[in-house]
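Accompanying notes for the structure given below.
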Amino acid sequence: MSNQKKIIHIDMDCFYAAIEMRDFPEYQNIPLAVGGDGPRSVLCTSNYQARQFGVRSAMSAIKAKQLCPHLKIVHGRMDVYKETSIRIREIFLRYTELIEPLSLDEAYLDVTEATMCQGSATLIAQQIRADIFNELNLTASAGIAPNKFLAKIASDENKPNGQCVITPDQVAHFVEKLSLKKIPGIGPKTFEKLKRHGYTTCADVRESNIRALQNIVGKFANSLYLKSHGVDNRELEVSRKRKSLAIETTLSRDISSQDECKLVIDSLYQKLLTRLAPHSNREIIRQGVKLKFTDFNQTTVETQSNECQRALFVSLLSKAYSRSNKRNIRLVGLTLGFADDSDESQQLSLAL
């Protein structure tokens, strides 16, 4: 019997905005965003009509309005999003218990041993998406592949409301033509840096070596080399208890001021609260802020804390930013540490 994994990555389509459009029909067919509408507010997400104007998550409301003057911005309803996410997970459980949730709106499913739908991962993904639509009136996209890395990329191939299958014998061909832009962790600046050295696709990386890549992307070289060969041996994290919770975003453009970092923190903080909700019974013992600079070096500042406080994140940011030495910022992250009430230890980083 083959040991080949069957991994599905389910990603809800503009989840928060889709729920608002479902519950309030007047929001349908107009550019819509979820987030704050104040002068220093940032957006959590937007629907596809708004994205056509360049509106995106973590963008300031002011910038979004400049790009799309008729954009409708609504405040989020996290209780509704959380309840909907629970119902989606209940659908997943009909097909497998091997589920790794990444956030309220996406998860990995291991259906290697599943027997429903003749054991076909493709058919299981189709049925899950049909169940979500029929029961919740929401659409989801899916990627099916032999590992997590490829499944996540595949789920974005036919968005919205579509799916993409990468069979084991298709991996080499799919990865060979894959743009490095699509690999998690490679933002626009890093891609341009790789491009200057002659790397634009995974095929280019495969013809190189780790040492050459280290001179360009540092410690990320090993991961980049493996992914360019379609290799990802990570198992789903389905049972071990989290020792910490982290959320971070690789920015679409580098930023160069502390005020810009604060705007990103405002957006991440709201998302962190959402992801923290299922762990409300856990005791918080510390908070931290992580910054990664354009040279791929990074710094993390942490302090003791017994609750999730936005003001404390801002204070930690000031110390972290003081270490920038005039380097621009390419990634911002927030972390929470939990009390050690388990013998097992793990950090699940929820990258956006």
Side-chain angles (χ1 to χ4, degrees), residues 8-38 41-92 101-107 109 125-143 152 154-164 247 249 252 263 266-275 277-278 350 352:
I8 300 173
H9 179 255
I10 298 287
D11 191 8
M12 300 300 296
D13 299 322
C14 60
F15 185 52
Y16 296 174
I19 290 175
E20 299 302 328
M21 291 188 292
R22 178 196 66 184
D23 295 349
F24 301 96
E26 63 269 28
Y27 295 158
Q28 295 178 10
N29 302 315
I30 66 169
L32 178 73
V34 177
D37 202 11
S41 298
V42 294
L43 306 182
C44 293
T45 189
S46 61
N47 66 1
Y48 291 101
Q49 291 94 325
R51 294 179 194 185
Q52 292 177 357
F53 292 87
V55 176
R56 50 182 172 76
S57 61
M59 176 179 284
S60 70
I62 290 177
K63 177 64 175 178
K65 286 279 193 178
Q66 291 173 344
L67 293 172
C68 183
H70 52 298
L71 178 69
K72 174 71 175 179
I73 302 177
V74 299
H75 292 288
R77 298 178 295 148
M78 293 302 172
D79 55 337
V80 178
Y81 307 152
K82 179 184 174 183
E83 175 59 30
T84 305
S85 181
I86 291 172
R87 294 184 63 187
I88 292 170
R89 182 179 175 87
E90 290 171 351
I91 291 174
F92 293 161
L102 300 178
S103 61
L104 291 182
D105 62 346
E106 64 174 319
L109 285 69
Q126 288 177 345
Q127 190 59 55
I128 287 174
R129 293 175 48 240
D131 290 349
I132 291 173
F133 182 77
N134 293 332
E135 298 174 32
L136 302 175
N137 197 21
L138 296 169
T139 64
S141 296
K152 187 172 178 65
S155 68
D156 198 47
E157 287 292 292
N158 294 315
K159 261 188 169 291
N161 196 24
Q163 69 181 52
C164 172
I247 184 168
T249 182
S252 61
L263 288 176
D266 284 341
S267 176
L268 290 178
Y269 179 69
Q270 293 302 320
K271 295 177 184 292
L272 183 62
L273 291 179
T274 301
R275 286 150 176 75
L350 306 177
L352 300 180

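A donor-acceptor pair under 3.5 Å is absent between the side-chain atoms of Arg89 and the main chain of Ala107, judged by distance alone. Between the Ser85 side chain and the Tyr81 main chain, no donor and acceptor come within less than 3.5 Å of each other. No donor-acceptor pair closer than 3.5 Å links the side chain of Asn47 to the backbone N or O of Ala17. A distance-only check finds no donor-acceptor pair linking the side chain of Lys82 to the backbone of Leu104 [under 3.5 Å]. Side chain of Asp13 to main chain of Asn161: a donor-acceptor pair is present (N/O by atom type, distance under 3.5 Å, no hydrogens or angles).
Here the closest non-hydrogen pair linking Tyr27 and Glu20 is CD1-O, 3.7 Å. Nearest approach of Ala142 to Ile10, heavy atoms of both residues: CB-CD1, 3.7 Å. Of all non-hydrogen atoms in Leu138 and Arg22, the two that sit nearest each other are CD1-NH1, 3.9 Å. Residues Cys44 and Lys271 share a closest heavy-atom pair of O-NZ, 2.9 Å. Contact between Ser267 and Ala58 at its shortest, heavy atoms only, is OG-CA, 3.8 Å.
You'll find the side chain of Arg77 stays beyond 4.5 Å of the side chain of Tyr16, heavy atoms only. Put simply, the side chain of Asp156 does not reach to within 4.5 Å of the side chain of His9, judged on heavy atoms. Counting only heavy atoms from C-beta outward, the side chains of Leu109 and Ile128 approach each other to under 4.5 Å. Side-chain contact between Lys159 and Asp11: present, with at least one pair of heavy atoms (C-beta onward) separated by less than 4.5 Å.
Checking Asp266 against Gln270 by side-chain atom types alone, no donor-acceptor pair falls below 3.5 Å.
His70 and Phe53 have perpendicular rings, their planes meeting at more than 60° on a 0 to 90° scale where under 30° would count as parallel.
In this structure, Arg51 is positioned above the aromatic face of Tyr48, its NZ or CZ under 6.0 Å from the six-membered ring centre and within 45° of the axis.
Counting heavy atoms of neighbouring residues, nucleotides and ligands inside a 6.0 Å radius, atom NZ of Lys63 does not exceed 12 of them.
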